[in-house]
**Student:** 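Supplied in structure tokens, the structure appears directly below.
Each chain gets a letter, A, B and so on, in the order its sequence line appears, and its residues count up from 1.
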Amino acid sequence: MSKPNKSETKRCDEAKSLPIFQHKAKLIQAVKDNVFLVVTGETGSGKTTQLPQYLYEAGLWKAGKIGVTQPRRVAAITVAQRVSHEMRCTLGKEVGYQVRFDDCTSQDTVVKYMTDGCLLREILADPRLSHYSVVILDEAHERSLNTDILLGLLKKTLLDVHKASKGRSVPLRVVVMSATLETGKLSAFLGHCPVFTIPGRTFPVTSRFGSAIGPKDVDSSSYVNEVVRVALDVHSGEMAGDILVFLTGQSEIEKACDMLYEKAENIDYRYDVQDQTVEGLLILPLYGSMPTDQQRQIFQPPPPGIRKSEAQQRAGRAGRTSAGKCFRIYTNEFWEKCMLEYTVPEIQRTSLTAVVLTLKCLGVHDVIRFPYLDRPEERLILEALKQLYQCDAIDRRGRVTQLGELMVEFPLHPGLTRALLKAASFGCEDILLPVAAMLSVENIFIRPGHPEKQKEADKKHRRLAAKAGGMNDFATLLSVFQWCKASDSPSAWCKDHWIHWRALKSAFSIETQLREILQRLQQKRDFPVETFTGKKSELFRRCLCTGYFSNVARRSVGKIFSTMDGHGTAVHVHPSSSLFEQEAELDWVIFHDMMVTSRVYLRTVCPIRYEWVKDLLPKLHEVDAYELSNIAREEVNEEELAKLESKEAKRQKEGSDEDMAKKLEKRNDEASVGDARARYLQRKLQRQQHTTTTL
DNA sequence: AGCATCCAT
């Protein structure tokens, strides 16, 4: 008897003992009978691993692939591994996965796990998803931006029966899997589709609050210490059993592991980032191997932004095999006063520029009335539309331009893509590709907590910036990329210069990916080619200006800058910038992003000359954003439209010689008129939306 | 004079 056989049998028994197994036939029927189906069940009910297998066994794959999306890469990969194991096939054959930089699928793949972003990319190439028989959106309650967009797209495409049958012999089926809390809302959104609940066996969980973290400690960043302290208390004071600890990220997990190792070498622990409901899960078996129905214990730190709904869901994990206890490290008062009920969905708190371009490229022109599960503020949509117009991705009627069709191919913020394409048109993409990649990864500069080491790191970083020419943070990023890449030992180089090697490695992969996309697009006949006539030393910054001219700021008094986006926000150069303390020498700058902490800071900054943006700046204000979303033509009457057009003509006549800053101030009044109209339209839309969902 | 979330294409 060989070991693999034994474990396979065990795994098979495990699958049959899962709560979902008893509902197999009914589930398959429910998927077959409905275009939309919501499935809910506790973590561990087996819905993620088993449902796709049931659908496979039922033969759905013959009509097209069974696709399953996950909000996170690790989840997509590890679930695919497990399912291929359970189905006894090689990963990448019948069962595969696709995440960015890692496509483990083949011609034979019929059960495909992937990130939600990957499926969105696939829809761009094949809007009808003609290779799929069923798409399962998993973890919909997490409300990731891409899952929300997929939900809206699939609703829009499939609820329209006419469209659904067009170009497809078998209608696509959509299963949305979610935690119990969100199912009513999801069902209503999807035309009141049925909800299939997999009842889970759960045992009572008693929760108790801690004493260390109260309302005054909202910013407490050292909560890991408290977690470790409570873990050790539970370890020595409570009955035997497993302990689960929820932590916010990889670095917190590492920190906790280090501390535990220092304080209690005898504890056997491992961490596991495969769990789908948390970012990191630390498992501490207390006394060697445990019986399975041991009392389970959990405690929850208050990571910045954790919500009551998430905390409650996690506490439920303690009651999966027997009664359990949940130890929270924060006080009852903290729970009452500091924690929100739910997370604001990502779609309502992020820049929508890239998403709106994707929608437009998919033929969704009226992006304001797109069916959003939770509608983002109209202001955010209009802002995205304006930015797309400004970087030539859409024309003034809101139609995607040839350039926009090229831009959507890049996994970048459209402004950055615009700068890259400008450089490519001059044949100098080599200076922009690394910058685009470096701006796509997390901060590459390490800043240790230890004061001495911090000084040392800051010094090294300043030296790098100076060596790169100084006074241009974009150029610093380019140089760091090139130096590291050219080094004999890139990882040692990073260590020496206090640079995140992991971040740089991913910047290298991203640069390669961007280069490949660019090369593919350059084969096309309509790829823009231009000749640069200015000074060679200005080429780099001129390219950046093409993409970033909506991020222009001008120094007003002292170290205070004012943004030129019409808001006139007072901003400062971030202390990490090579332009910090050089403000007196500056006049106009462009910046990559703004960060709000004690002040509004500009991060990644570069000085420019006013002449470079002079002709571009009026574009920030000359257009009516409603028209960009195709709403003006349908909603505003003829008279209003005529008024708008004459106003626009007047603006264009104003010319650009007058002092830009003064002009922008003047427009604040005009903006308030626009706002009033925006509110009116918003109300009207809400009424319409209400009618749609209650139909 | 003073810097911080995480995930994803």
**Student:** Without decimals, in angstroms, what is the distance between A:L362 CG and B:dT9 C1'?
**Tutor:**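 Whole-Å distance recorded here is 14 Å.
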
**Student:** Can you tell which of B:dA4, B:dA8, B:dC3 lies closest to the side chain of A:R72?
**Tutor:**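 Closest nucleotide among those given: B:dA8.
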
**Student:** Taking CG from A:L150 and C1' from B:dA8, how many angstroms apart are they, rounded to a whole number?
**Tutor:**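 My rounded result for the distance is 12 Å.
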
**Student:** Considering every strand and a 4.0 Å limit on heavy-atom distances, what is the contact class for A:T115: base, sugar-phosphate, or nothing?
**Tutor:**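 Answer is sugar-phosphate: A:T115 comes under 4.0 Å of backbone atoms only.
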
**Student:** Roughly, in whole Å, what's the span from CD1 in A:I510 to C1' in B:dA8?
**Tutor:**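 Taking CD1 of A:I510 and C1' of B:dA8, I get 11 Å after rounding.
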
**Student:** Measuring from the side chain of A:R599 (C-beta onward, heavy atoms only), which nucleotide among B:dA8, B:dG2, B:dT9 has the closest atom?
**Tutor:**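 Closest of the options to the side chain of A:R599: B:dG2.
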
**Student:** Any donor-acceptor pair under 3.5 Å linking the side chain of A:N551 with the backbone of A:H592?
**Tutor:**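 Side chain of A:N551 to backbone of A:H592, a donor-acceptor pair under 3.5 Å: yes, one is there.
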
**Student:** B:dA4 C1' sits how many Å from A:M594 CE, rounded?
**Tutor:**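 Spelled out: CE on A:M594 to C1' on B:dA4 is 18 Å.
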
**Student:** When you measure from the side chain of A:S562 to the backbone N and O of A:R554, does any donor-acceptor pair fall under 3.5 Å?
**Tutor:**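 Answer holds: no.
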
**Student:** Mapping A:R349 and A:E581 onto DNA chain B by nearest heavy atom, which one lands closer to the 5' end?
**Tutor:**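 Between the two, 5'-proximity favours A:E581.
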
**Student:** State which residues pass ring pair (Phe, Tyr, Trp, His ring centres under 6.0 Å) with A:F474; sequence neighbours excluded, sorted by chain then number.
**Tutor:**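 Checked A:F474 against ring pair (Phe, Tyr, Trp, His ring centres under 6.0 Å); matches are A:Y548.
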
**Student:** Once you round it to whole Å, what is the distance between C1' of B:dC7 and CD of A:E139?
**Tutor:**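 For the pair A:E139 CD and B:dC7 C1', the rounded distance is 13 Å.
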
**Student:** Whole angstrom is fine here: how far is it from CG in A:L514 over to C1' in B:dT9?
**Tutor:**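 Between C1' of B:dT9 and CG of A:L514: 10 Å.
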
**Student:** Quick check on B:dA4: is either OP1 or OP2 less than 4.0 Å from any side-chain nitrogen or oxygen of A:H574?
**Tutor:**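 Answer yes for this pair, as a side-chain N or O of A:H574 is under 4.0 Å from OP1 or OP2.
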
**Student:** Between atom CD in A:Q513 and atom C1' in B:dT9, what is the gap in whole Å?
**Tutor:**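 After rounding, the gap between these two atoms is 7 Å.
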
**Student:** Once salt bridge (Lys or Arg N to Asp or Glu O under 4.0 Å) is applied, do any residues pair with A:D374, and if so which ones, sequence neighbours excluded?
**Tutor:**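 For A:D374, the residues satisfying salt bridge (Lys or Arg N to Asp or Glu O under 4.0 Å) (neighbours in sequence not counted) are A:R143, A:K185.
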
**Student:** How would you label the contact of A:F410 with the nucleic acid (heavy atoms, under 4.0 Å): base, sugar-phosphate, or nothing?
**Tutor:**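 A:F410: no heavy atom of the nucleic acid under 4.0 Å.
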
**Student:** Of the nucleotides B:dC7, B:dT9, B:dA4, which has the atom closest to the A:R100 side chain?
**Tutor:**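 For the A:R100 side chain, the nearest candidate turns out to be B:dT9.
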
**Student:** Among B:dA1, B:dT9, B:dC3, which nucleotide has an atom closest to any side-chain atom of A:R73?
**Tutor:**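 Output: B:dT9.
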
**Student:** Is the side chain of A:Q70 donor-acceptor paired with the backbone N or O of A:M114 at a distance under 3.5 Å, no angle test?
**Tutor:**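 Such a contact is absent between A:Q70 side chain and A:M114 backbone.
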
**Student:** Can a donor-acceptor pair under 3.5 Å be found between the side-chain atoms of A:R447 and the base atoms of B:dC3?
**Tutor:**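 Checked by distance alone, the answer is yes.
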
**Student:** In whole angstroms, how far is the C1' atom of B:dA8 from the CD atom of A:Q98?
**Tutor:**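 So the two atoms are 13 Å apart, to the nearest Å.
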
**Student:** Of the nucleotides B:dT9, B:dC3, B:dA4, which has the atom closest to the A:R603 side chain?
**Tutor:**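 So the side chain of A:R603 is nearest to B:dA4.
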
